[in-house]
There are 2 protein chains.
Amino acid sequence: MAVVGRAASRSAANGPASLQDMRRQNLAVVLAAVAAHSPLSRADVSGRVGLTRAAVSSLVDELIGRGAVTEAAATASGRVGRPGRALTVSGEGPAGLGLEIGVGHLGACVADLRGEPRLWRRVERANAGRPPGTVLAELAALAAEAEAEAAALGLRVEGRVLAVPGVVPNEPRGLVERAPNLGWHTVGIADHWPEPETAPEPENEANLGALAEYWNAGTPVETFVHVSAGAGIGAALVIDGRLFRGARGFAGELGHVPVHPEGPECACGARGCLEQYAGEAAVLREAGLAQDGPGDPVALLAERAANGHAPTLAALDRAGRALGLALTSAVDLIDPDGLVLGGAYAELADWLLPSVCAELAARVTVRPWAAEALRPSALGRRGPLLGAALTTIRRIMADPTLLPAG
Amino acid sequence: MAVVGRAASRSAANGPASLQDMRRQNLAVVLAAVAAHSPLSRADVSGRVGLTRAAVSSLVDELIGRGAVTEAAATASGRVGRPGRALTVSGEGPAGLGLEIGVGHLGACVADLRGEPRLWRRVERANAGRPPGTVLAELAALAAEAEAEAAALGLRVEGRVLAVPGVVPNEPRGLVERAPNLGWHTVGIADHWPEPETAPEPENEANLGALAEYWNAGTPVETFVHVSAGAGIGAALVIDGRLFRGARGFAGELGHVPVHPEGPECACGARGCLEQYAGEAAVLREAGLAQDGPGDPVALLAERAANGHAPTLAALDRAGRALGLALTSAVDLIDPDGLVLGGAYAELADWLLPSVCAELAARVTVRPWAAEALRPSALGRRGPLLGAALTTIRRIMADPTLLPAG
DNA sequence: GGGTGTTTGTCAGGACTCTCAACAAATTAG
DNA sequence: CTAATTTGTTGAGAGTCCTGACAAACACCC
């Protein structure tokens, strides 16, 4: 019962609309209203979304039948009239499983329909260079454990999404085209999964981090660029609240934007790419640190910066200016409402933000540009895993008929 | 942590669906099928879009009543069975009016529902620095003439769109925030229009040029960047077949993307913006030509380049390389299916393309990049005006109920 | 030429979903 | 305890599409 829903019918030219489509959308509308303002009575929902109480009643009945909504006990409202029955998004039943493969760990997370992460699992593993089959077998075991534990909490996993530090093309789905830090090339996830029918759908970790940031924000910005540094530098573009993957799925390759055209040669063959200034390896080198030293290099950088270590501060300043330069291009092209620094950048934001901000302020002059638009990620490195778990949740919210009828 | 705080999806955010919405979409689907493959019988449409013949009949009747579709005479098909009655998109009745204000001219164009431009009007006017009221009064007169002439062709203008060489923010609509080449600042079009109810809706000319390119293409690319040079350099982003205007309407400001961070100072206050290398003024200067000489400077450049004038060729090569550098950023960020050189660039494509292409080939290495994706615009300078006229047509195609019922 | 088969367009009945209006249920106010 | 108010449900009605049937219009075959 993979919740692999197609994208919601976007354009009018796609195909004819049916009564079922109408019903589907209205179920989603009601569910969204309950999610946004619960607890809500049927009458409240009716007044809020514009459907009649009769229609809302029918829709709510179906949502309850599918396990998406639960009816709480009657509340003493204190107001005149018959009290409404409080509706909430169900905290049991349907759930989403997020999985993650990092260079140094495997992770799992289960989120309920309310969007709350209900359990986290993480095991340290040096995955770089290991065969995909081995890694995925271990991950499948971790996933099975997580699903079992979730079942004990009354949660039933309806969909599985896997965050990978690599490129996931639009077509064909289910493929990791390359993940340099893992040493993967053209790995079909389902091909290595013990039970192919429960194989997770891979997605780039930076993209999932950006979506998590969006879904998790109190007052979400609809159009923003989410920059996240791991070994490479990736940008995820969220446009009008939806992830933009580009024509082939390669959008957001910020790491190889040219910032100094005549600069040092990059592994990609070009010169002066952003990665040569703001990539992890470049910053470590510039800061005089060994690249493959023990421990978490990002934490080490943060520690040295906090201690006022001059080479580290200089390296971060240099990185920030280069990043600001690359983001100037992004702002000029995309006109986003926000810029979010995620991944490792979030932990280094204190030392990066000033120079990024200064560069942007100096170069983005032909349009209104607010420094507040630039901020570090609130989720940091947990973002991708949470985003993976929430992907299934948001799909169900957008189309509750993906859930089996009661 | 209120993850599911806001509307779950785009569709859910938009409110409940009604039977009328379903009807609207199905009218659009049928109309789109007729437009794409006419002539088509009702049965053909039914087989193609998946609605039953009965439903298609009802929808076609309504489309005929609204004047969007006409029933041609019976055709001798030669096939067995009762012949179908041929349906075509109406070439009379509903039409769109496009208007254009350029630095040196005013323009008007009327397109029918088939998307065919049926009449063009153009008058030379030195509009730079003239008061908006004067320009718009003249344009209104031109528009009235065009509408009268269109009426003689049996066309009834259902919407008016104005292409301007300036910035048109998302909110409020109807406003030209600034048009440097005209000397305009914060001009409300309707405020200066003789009859406010027929005032056209302004839109940036580069955006309209890109849309025209998309709508006019035989096999449209769904996601592309359309670069167009006039006095400034603008890029329009078409994403999944829809114009992306950015959070505020300022997307595509390619002219001020930094290409050489330490390069010459730009009027915008930054250094090394693309405009300093590939802008009209910069190219003319570099080619040793007077900027305000007589005649069309672009035509002059093309002529000299064709004659092998060395400084001109060098200037164009330099411009092309800078443009390639800026487009590298765009390709890395957006992952488009195509890059289109429009506006003045289209006429200089012979000398620009090689260096643009070379720069892209050298710098876009981490993803598949096909040189064929880069091509000059087929419409050239007529694009914006055609796009303005077609905007109304495409709106009607997407929602035929915009037409008055017969 | 006439009968047969095929395809088209339309019509009547049914299913689904929303709206409207009425009503019973549950609570507060007096 | 009665009246007022609000909630949730029910039944009738309208709009839209689907199903199945049917007349109309043509080609093909004898």
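We name chains A, B, ... by the order of the sequence lines, and we start the count at 1 in each one. In what follows, every heavy atom counts, from backbone to side chain, and hydrogens, waters and symmetry copies are set aside.
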Strictly below 4.0 Å: does [X] bring a side-chain N or O up to OP1 or OP2 of [N]?
X       : N      : answer
A:Arg24 : C:dT17 : no
A:Arg79 : C:dT27 : no
A:Asn26 : C:dT17 : no

In chain order, what residues pass the side chain to side chain contact (heavy atoms under 4.5 Å, CB included) check against [X], with sequence neighbours excluded?
X        : value
B:Asp399 : B:Arg24, B:Thr401, B:Leu402
A:Thr198 : A:Arg160, A:Trp193, A:Glu195
A:Thr391 : A:Val161, A:Leu208, A:Trp215, A:Arg395
A:Ala190 : A:Ala199

When only distance counts, do a donor and an acceptor, one from the side chain of A:Arg82 and one from the base of D:dT7, lie under 3.5 Å apart? yes

Please give, in whole Å, the distance from [N] [atom2] to [X] [atom1]?
X       : N      : atom1 : atom2 : value
B:Arg23 : C:dC18 : CZ    : P     : 18 Å
A:Met22 : D:dA14 : CE    : P     : 17 Å
B:Leu19 : D:dG15 : CG    : P     : 9 Å
B:Gln20 : C:dT19 : CD    : C1'   : 10 Å

Does anything in residues 40-64 of chain A reach DNA chain D, meaning a heavy atom under 4.0 Å, and if so which residues? A:Ser41, A:Arg42, A:Ala43, A:Arg53, A:Ala54, A:Ser57

Mind checking whether B:Arg82 and B:Ser41 have side chains closer than 4.5 Å, heavy atoms only? no

List the atom pairs, with distances to 0.1 Å, where a side-chain N or O of residues 48-57 of chain B and a protein N or O form a donor-acceptor pair under 3.5 Å, not counting sequence neighbours.
unit_1, atom_1, unit_2, atom_2, d
B:Arg48, NH1, B:His37, NE2, 3.4
B:Thr52, OG1, B:Ala55, N, 3.2

Could you check which of C:dT6, C:dC18, D:dC17 has an atom nearest any side-chain atom of B:Val80? C:dT6

